[in-house]
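All values derive from a computational prediction rather than experimental measurement. Below, read A as the first sequence line, B as the second, and so on, with proteins coming before strands; counting in each chain starts at 1.
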There are 2 protein chains.
Amino acid sequence: MVEVARNDGGRVELALLLRRLTVELDAVGERFAKPHGLGRTDVRAVIAIMDATRRGEPLTAGGLGAAVGLSSASVTALVDRLERAGHVHRVRDATDRRRVVLQMSEASMAAGAAFFGGLQRELVAAMDGFSDDDLDSVRRWLTAMTEVVVAHR
Amino acid sequence: MVEVARNDGGRVELALLLRRLTVELDAVGERFAKPHGLGRTDVRAVIAIMDATRRGEPLTAGGLGAAVGLSSASVTALVDRLERAGHVHRVRDATDRRRVVLQMSEASMAAGAAFFGGLQRELVAAMDGFSDDDLDSVRRWLTAMTEVVVAHR
DNA sequence: CCGAATGTCTCGATGACCGAGAGGTTAGGG
DNA sequence: CCCTAACCTCTCGGTCATCGAGACATTCGG
């Protein structure tokens, strides 16, 4: 690894920086989860539900399972946990009464917005020191890296 | 979120791109874990052991626990699993015989290098389309973002 | 109206994790 | 040389997240 870092123009270093950043972002997730009595999966679930709600396409139990990669049995247990903790409500869909749509509670929506929204604002603020050209480079880079990662099997 | 995206020069979009990328990188970890009979934690452990070994400071059981945030009991179980699967060996430290240092097996080292090294090569290759200035912008940005994330409590 | 498809939940089993504490090892002071 | 405190790892018992299989309710097409 180190020995490769000679004539690559620092490209390997960027890969390592990226890994470091993802590790730290992971840690942030845990710092959010702990005080709220949530586990890893629960945070992913909450984020998925909030994202879907914001998109105006509320998640169903099944959709949540697909989103976070859980079996139906696990989704039931997961939603039980989140509901018991007051983070989501189960609501029977009016048009298809087999389905259960998940709604975030006001309080949890606010808590999530405060935590992650706060982080996002800090990140955006830290971008003030960058020119539009800088940020455009970053955007293209992030897009390229994501494509590689998605394609990697 | 969307409504903030008007006059920020795409900064929020970058934050979302970053999140997308971390999610995909997470998925890569799982694609590595599954076929090798490993769990989430196991992969983190293997990476920690490989990193430490490369640094020339082999991890002990206790060090591994600190690195991945597990109790000593869990570390024992974790190392049991990895050892049973043939990924690591327990070796009593010669100078301090209380300690157990962990060594990756040749085979697993090779498998890890093939998988993650391969991904790294693809990432580096995808950076060919970027100028040195581009990459310098990216480097500064990654560094700045990491600082924000680390500082966020 | 009936059967197949669909969405969610229940049950029992498995495995990862933790807290408490046992057991062996080292270092330092009488 | 021994005793004790500190240290590192492992064992034990319990808790919780997850899964596979299948039950139950609902919808949809013929």
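Contact annotation: R92(A) does not reach the phosphate of dG7(C) (side-chain N/O to OP1 or OP2, under 4.0 Å). Contact annotation: R99(A) side-chain N/O to dT8(C) OP1/OP2 distance is not under 4.0 Å. Residue T41(A) has no polar side-chain atom (N or O) positioned under 4.0 Å from OP1 or OP2 of dA17(D). In terms of phosphate contacts, R81(B) brings a side-chain nitrogen or oxygen within less than 4.0 Å of OP1 or OP2 of dC17(C). Side-chain N/O atoms of S71(A) include one lying less than 4.0 angstrom from OP1 or OP2 on dC19(D). Applying the 4.0 Å criterion to OP1 and OP2 of dT18(D), one finds that S74(A) has every side-chain N and O outside that range.
Rounded to an integer number of Å, the gap from R97(A) CZ to dC28(D) P is 12 Å. Between L38(B) atom CG and dG15(C) atom P the separation is 15 Å, expressed in whole Å. Between the CG atom of D96(A) and the P atom of dA5(C) there is a distance of 17 Å, given to the nearest Å. Going from atom CG of D80(A) over to atom P of dC9(C) covers 7 Å, rounded to whole Å. Rounding to whole angstrom units, CZ of residue R84(B) and C1' of dA16(C) are separated by 12 Å. The separation between L78(A) atom CG and dC9(C) atom C1' is 14 Å, rounded to whole Å. Per the geometry, NZ belonging to K34(B) stands 9 Å off P belonging to dC19(D), to the nearest Å. One atom, CG of L82(B), and another, P of dT9(D), lie 15 Å apart when rounded to the nearest Å.
Out of dC10(D), dG7(C), dT25(C), the shortest distance to the side chain of R98(B) is found at dT25(C).
Two rings, from H152(B) and F115(A), have their centers less than 6.0 Å apart.
Here the closest non-hydrogen pair linking V43(B) and A33(B) is CG2-CB, 3.5 Å.
A donor-acceptor contact under 3.5 angstrom links the side chains of D134(A) and S131(A), judged on distance only. In the model, H89(B) has no side-chain atom that pairs as donor or acceptor with a side-chain atom of E83(B) under 3.5 Å. Side chain to side chain, T146(B) and T143(B) fail the donor-acceptor criterion of an N or O pair below 3.5 Å.
Nucleic acid contact for A77(A): base, since at least one base atom lies under 4.0 Å from a heavy atom of the residue. Nucleic acid contact class of A73(B) (heavy atoms, under 4.0 Å, all strands): base. Within 4.0 Å (heavy atoms only), L70(A) reaches sugar-phosphate atoms of the nucleic acid but no base atom. Backbone-only engagement by G69(B) is indicated by non-hydrogen atom pairs under 4.0 Å involving sugar-phosphate atoms exclusively. Residue contacts shown for R90(A) are limited to sugar-phosphate atoms, with no base heavy atom under 4.0 Å away.
If you find the closest nucleotide of DNA chain D to A61(B) and to D42(A), the one lying nearer the 5' end belongs to A61(B).
When atom types are taken as modelled, the side chain of T60(A) and the backbone of V100(A) share no donor-acceptor pair closer than 3.5 angstrom.
In terms of polar N and O atoms assigned as donor or acceptor, the side chain of S72(A) comes within less than 3.5 Å of the base of dC9(C) in a complementary pairing.
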